[in-house]
Number of protein chains: 2
Amino acid sequence: MSGRVVTLKTKPRARPRRTGGGGRSGAPAARTIADIVEALRTRIGRQDVAPGAKLGEQELAAEFGVPRARIREVFGVLESRGLIERIPNRGAVVSRLELEHVFQLYEVRAVLEGMCVRLATQNAPPETWDEFVHLFGAPMDGFVKAGDFDSFIVVYERFRRAIIEWARNPVAARMLDSIYEKTNVVIRRIVILPGRAQSGLGEHRAVVAAMRAGNAEEAERLKRMNLQNAQDTLRRFQKYVL
Amino acid sequence: MSGRVVTLKTKPRARPRRTGGGGRSGAPAARTIADIVEALRTRIGRQDVAPGAKLGEQELAAEFGVPRARIREVFGVLESRGLIERIPNRGAVVSRLELEHVFQLYEVRAVLEGMCVRLATQNAPPETWDEFVHLFGAPMDGFVKAGDFDSFIVVYERFRRAIIEWARNPVAARMLDSIYEKTNVVIRRIVILPGRAQSGLGEHRAVVAAMRAGNAEEAERLKRMNLQNAQDTLRRFQKYVL
DNA sequence: GCCGACAAGATTGTTGACAGTCTTTCAGGC
DNA sequence: GCCTGAAAGACTGTCAACAATCTTGTCGGC
């Protein structure tokens, strides 16, 4: 048959050093697909790469020390998660976060976290929440008054993780994770809005109290109201956030 | 320099016919990644391929007439969606649906569909639901009494799509879609459980009535209760379903 | 001086080939 | 006759070269 391609190899090439012990800083030793996906997900979530920025296949392949085909697979996963968009022959860009999209994410987040609060209240022993009854008291009050939003968020995150952990529902956990990875940035901008941290703290005290009392339904209702308020605040100050 | 690879091409080979007009039946003319993902998603959803069955890269590449690399990308997407599992050096298999997993999916589905019902009630003009007030009356009653579950499910699906359409929340729509693609099979097995169709019909009449009356909160509550009941039925007859 | 067409460079899309690992099969020994 | 071990086969994992497309920079014309 015609059109044959003949390939001659003169020598079995040396293997291109796998475990890059001498990896330069900034280029993590992430080689598997899951690792690279995680690395890029973190970068996008922390806005180390800005929305709309271009992601080059060659560039990333060189940085991680893997063939381009692997980066390509990673892009497929990231695209199916909605974190990037691929334009034919033009590469991949970080998805821009539309304002309307953020509201939709918050709407879903409200019902999912509400559900998790309810399930967590049912699944965990009541004493579990004593820790947070305490933290959301004087300590958090101090953070808010001092304007120490970083510490505020740390406690907030800790509570969030406890909720999800005790809800015992990996499906919901996965979905919430995919919401967080997109709204991470927005959350940090909402808490610094005037009065929001103070209000949110009060709302959370109510939520935690209901959980400590074992009132699952009420806790769910309060948590949903909490996120509804956050969304309203965002809507009111949207021009300052995005 | 040593280790060189020399490639000789004797003739620019003819392009390997792209638009396969003469594609044999069963091998759809799906070429793009999204198309193949959709095709496989449908097969898995309809259980044309059984859970636990192996998916061969070569086999699929040959069937769709695309290079293996593309199948590989498709697998990446399917894995990130949880539809398949990839075992190193052993290929990909269709994910098995654990019973516990089904309950978790139903738990999430309840709150998400509840939310959609609420939003749809707020967004759509009340007359929108007249159609379903009618359908869930005598027609559906006839289907249930005649044991015509196919027609029953068709109407059910139609209502579901209307809900999601009017909820105007693509994020929730996407998540619900990823739930349906996994529970499609189970749904068909639940409606044929003794008394379930009749009960579900009554519950839906209440939901639709609330929507027609513009009572969004009540509609949400009723819808969640409806899916809670479905889940309870499933739990009671679980040994007959899975 | 500005606009459009053309050429050079760079990047993505596609393909086939090579290498490693697991499974299967067959022969030999207990 | 059954079990163990090795070789063959088949498949996945990995990779680099080739082809097509878009972008950028430059030259000529109006």
Check: Can you tell if the side chain of N184(B) reaches within under 4.5 Å of the side chain of Q47(B), non-hydrogen atoms only?
Finding: no

Tell me if the side-chain of R70(A) makes a donor-acceptor pair with the base of dG13(D), cut-off 3.5 Å, by modelled atom types.
no

By nearest-heavy-atom nucleotide on DNA chain D, the more 5' of G56(B) and N89(A) is G56(B)

Quiz item: Within the structure shown, what part of the strands sits under 4.0 Å from E57(A) by heavy-atom distance: base, sugar-phosphate, or nothing?
Solution: sugar-phosphate

When rounded to whole Å, the CG to P distance for the pair L55(A) and dT12(C) reads 10 Å

Between CD1 of I71(B) and P of dT14(C) the distance, given in whole Å, is 13 Å

Whole-Å distance, I87(B) CD1 to dC11(D) P, equals 16 Å

Less than 4.0 angstrom from a charged side-chain N to a carboxylate O is my criterion; do E157(B) and R160(B) meet it? yes

Next on the checklist: I'd like to know if E38(B) and R41(B) make a salt bridge, using a cut-off of under 4.0 Å between side-chain N and carboxylate O.
Outcome noted: yes

- Message: Is the phosphate of dT23(D) approached by R90(A) (side-chain N or O, under 4.0 Å from OP1 or OP2)?
- Response: yes

Q58(B) CD to dG16(C) P, in whole Å, measures 13 Å

In whole angstroms, the gap separating P of dT12(D) from CG of L60(B) amounts to 9 Å

So, under a plain 3.5 Å distance rule, would you say the side chain of R86(B) forms a donor-acceptor pair with the base of dG13(D)?
no

Assign each of K54(A) and P88(B) the nucleotide of DNA chain C bearing its closest heavy atom; nearer the 5' end lies the nucleotide of K54(A)

Taken to the nearest 0.5 Å, the spacing of I179(A) CD1 from Q104(A) CD works out to 11.0 Å

Atom CZ of R68(B) and atom P of dC15(D) are separated, to the nearest Å, by 14 Å

Of the listed dT15(C), dT12(C), dA17(C), the closest approach to the P67(B) side chain comes from dT15(C)

Between CD of E59(A) and C1' of dT12(C) the distance, given in whole Å, is 14 Å

- prompt: Relative to the ring of F149(A), is the ring of F152(A) parallel (under 30°), tilted (30 to 60°) or perpendicular (over 60°)?
  reply: perpendicular

Separation of dT14(C) atom C1' from I33(B) atom CD1, nearest Å, is 11 Å

